[in-house]
Amino acid sequence: MAASCRVVVLISGNGSNLQAIIDACQDKQHAEVVAVISNKPEAYGLIRAHHAQIDTSCVIAQKGEKRADYDERLAAIIDSYQPDLIVLAGFMRILSDGFVERYLGRMLNIHPSLLPKFTGLDTHQRAIEAGETEHGASVHFVIPELDAGPVILQAKVPVYEDDTPELLAERVHEQEHAIYPLVVKWFANGRLAMKDGKAWLDGNAIGPMGYAPD
Ligand SMILES: Nc1nc2c(c(=O)[nH]1)N[C@@H](CN(C=O)c1ccc(C(=O)N[C@@H](CCC(=O)O)C(=O)O)cc1)CN2
Ligand SMILES: NCC(=O)N[C@@H]1O[C@H](COP(=O)([O-])[O-])[C@@H](O)[C@H]1O
């Protein structure tokens with residue numbers, strides 16, 4: 001049996017997307033989460049990894065530390081696991097150009113909006129304030145420009161009149177937990193790649209709003 005794809009997951013918080021990916025990779029058939037690394041020691045996702053008997057590390061930014069120096073330390077830990085894929089799952093640090101280029105084409109992120117709408121932070125609040133009737137999540141390859149990497153797959157949810165950011169976040173999370181493990185499996189099975197600044201699935205370029213089945 002071909003060795004499964006070695007996945008390192010970076011987190012900063014609760015880790016519900018991490019949990020969805022761990023659960024989907026239980027059989028280690030396609031992919032195996034070999035390490036979980038957080039920049040926050042209090043991240044509950046570290047507990048989730050421990051329960052799943054997955055190695056954990058915490059890389060805490062030092063006061064006044066340059067972003068690139070922090071990223072060097074982070075990369076050294078990541079590389080010690082010889083990963084095929086790096087998955088950002090609620091990892092709340094902007095990564096330096098050098099770090100991103102090191103993993104270009106094999107680093108994914110999930111963003112809580114229908115990119116290119118609402119890059120950055122506080123997306124649910126902003127979508128409600130903007131009067132959006134739909135919102136969602138996007139899985140994309142990571143490039144140096146923040147939240148601008150080629151979109152692979154999106155999931156949409158309705159926005160209701162009386163929605164709060166918390167209610168909307170809950171609805172988006174449900175969809176995130178469905179699409180992120182699917183994209184990880186696509187990559188692990190060699191179906192997904194990034195080339196010429198685009199995402200490709202089964203040799204076909206994916207459009208700007210992500211994969212849309214015929
Ligand atoms: N170079 C890149 N780095 C990261 C990307 C990316 O596409 N290119 N995606 C982000 C994930 N992300 C949204 O999906 C995101 C994470 C963090 C921030 C941010 O402003 N972080 C602040 C600190 C915020 C905090 O501590 O609460 C910072 O790093 O100064 C924006 C978007 C992951 N990195
Ligand atoms: N800009 C990055 C960002 O905001 N990512 C978002 O953080 C949450 C992490 O939840 P989780 O820790 O439960 O997976 C997710 O909703 C993800 O889309």
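The figures that follow rest on heavy atoms only: side chains count, while hydrogens, waters and symmetry mates do not. If you read the sequence from its start, that first residue is 1, and numbering goes on from there.
Atom CD of E170 is surrounded by 12 or fewer heavy atoms from other residues, nucleotides or ligands within 6.0 Å. Around atom CD of E129, more than 12 heavy atoms belonging to other residues, nucleotides or ligands sit under 6.0 Å away.
Side chain of H50 to main chain of L46: no donor-acceptor pair is present (N/O by atom type, distance under 3.5 Å, no hydrogens or angles). Panel note: side chain S38, backbone I11; a donor-acceptor pair is recorded below 3.5 Å. In this structure, T164 contributes its side chain and L167 its backbone to a donor-acceptor pair below 3.5 Å. Using modelled atom types, one side-chain atom of T123 and one backbone atom of P112 make a donor-acceptor pair closer than 3.5 Å. Of the possible donor and acceptor atoms, none in the side chain of R93 sits under 3.5 Å from a partner among the backbone N and O of A61. In this structure a side-chain-to-backbone donor-acceptor pair under 3.5 Å is present from W200 to K195.
When all heavy atoms are compared, the tightest approach of A137 to I179 is O-CD1, 4.0 Å. Across every non-hydrogen atom of P144 and D97, the tightest pair is CB-OD1, 3.4 Å. Nearest heavy atom pair, residue E32 against residue S4, reads CB-OG, 3.7 Å. Closest of all the heavy-atom pairs between P181 and E176 is CD-O, 3.9 Å. For the residue pair T119 and H111, the shortest heavy atom distance occurs at CA-NE2, 3.7 Å. Nearest heavy-atom pair, D27 versus H30, reported as atom, atom and distance to 0.1 Å: OD1-N, 4.3 Å.
Checked against E132 for a side-chain hydrogen bond (donor to acceptor under 3.5 Å, both in side chains), the options R126, H124, K117 give a single hit: K117. Among the candidates V184, I21, L85, D55, the single residue satisfying the side-chain contact (heavy atoms from CB on, under 4.5 Å) test with V33 is I21.
Connection of I110 to L104 is established within a shared hydrophobic cluster, with ILVMFWY side chains joined at heavy-atom distances below 4.5 Å, either directly or through further cluster members. Linking Ile, Leu, Val, Met, Phe, Trp and Tyr residues whenever their side-chain heavy atoms come within less than 4.5 Å leaves V172 and V183 in two separate clusters. Taken together through direct or relayed side-chain contacts under 4.5 Å among Ile, Leu, Val, Met, Phe, Trp and Tyr, V87 and V142 form part of one hydrophobic cluster. Each of L115 and L192 belongs to its own hydrophobic cluster when Ile, Leu, Val, Met, Phe, Trp and Tyr are linked at side-chain heavy-atom distances under 4.5 angstrom. Residues L95 and M194 share a single hydrophobic cluster, defined by chaining ILVMFWY side chains whose heavy atoms lie under 4.5 Å apart.
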(Q) Would M209 and V151 count as a side-chain contact (heavy atoms from CB on, under 4.5 Å) here? Give the steps. (A) CA-CA 6 Å; M209 309 300 278; V151 173; 5.9 Å; no

Q: Show the numbers, then the answer: is there a side-chain hydrogen bond (donor to acceptor under 3.5 Å, both in side chains) between S16 and H177?
A: CA-CA 8 Å; S16 69; H177 302 159; 2.8 Å; yes

**Q.** Test log, rule salt bridge (charged side-chain N to carboxylate O under 4.0 Å, His left out), inputs R6 and D84
**A.** CA-CA 5 Å; R6 295 172 61 82; D84 302 294; 5.4 Å; no

**Q.** Worked verdict on I206 versus I152 for side-chain contact (heavy atoms from CB on, under 4.5 Å)
**A.** CA-CA 7 Å; I206 297 175; I152 300 161; 4.2 Å; yes

Q: Show your reasoning for whether side-chain contact (heavy atoms from CB on, under 4.5 Å) applies to F99 and E72.
A: CA-CA 7 Å; F99 183 95; E72 280 280 310; over 6 Å; no

Q: For M92 and L121, run side-chain contact (heavy atoms from CB on, under 4.5 Å): C-alpha distance rounded to whole Å, both residues' side-chain angles, the deciding distance at 0.1 Å, then the answer.
A: CA-CA 9 Å; M92 299 308 285; L121 301 173; 3.3 Å; yes

Q) Checking salt bridge (charged side-chain N to carboxylate O under 4.0 Å, His left out) for the pair D71/K66: CA distance, chi angles, key distance, verdict? A) CA-CA 9 Å; D71 288 358; K66 289 201 181 80; over 6 Å; no

Q | Worked verdict on N109 versus Y180 for side-chain hydrogen bond (donor to acceptor under 3.5 Å, both in side chains) | A | CA-CA 9 Å; N109 181 52; Y180 216 177; 5.0 Å; no

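The line from CD1 of I54 to CG of L18 is 6.5 Å long, rounded to the nearest 0.5 Å. Atom CZ of R171 sits about 4.0 Å away from atom CG of D163, to the nearest 0.5 Å. Note that NZ of K28 and SG of C5 are 14.0 Å apart. Values are rounded to the nearest 0.5 Å. With values rounded to the nearest 0.5 angstrom, S138 atom OG is found 3.5 Å from Q154 atom CD. Going from atom CG of D202 over to atom CZ of R191 covers 4.0 Å, rounded to the nearest 0.5 Å. Put simply, CD1 on I37 and CZ on F91 are 8.5 Å apart, with the number rounded to the nearest 0.5 Å.
Here the side chains of L88 and M107 are in contact, with some heavy-atom distance below 4.5 Å. Counting heavy atoms from C-beta outward, E65 and R73 have side chains that approach closer than 4.5 Å. Side-chain contact between R106 and F141 is absent, with no heavy-atom pair separated by less than 4.5 Å. With contacts defined as side-chain heavy-atom distances shorter than 4.5 Å, the pair S57/I78 does not qualify. Using a 4.5 Å heavy-atom cutoff, the side chains of I128 and L168 are in contact. At least one side-chain heavy atom of D79 sits less than 4.5 Å from a side-chain heavy atom of Y103. Annotation: side chain of F187 is not in contact with side chain of V7 (no heavy-atom distance under 4.5 Å). Side-chain contact check for L182 versus L153: some heavy-atom pair is nearer than 4.5 Å.
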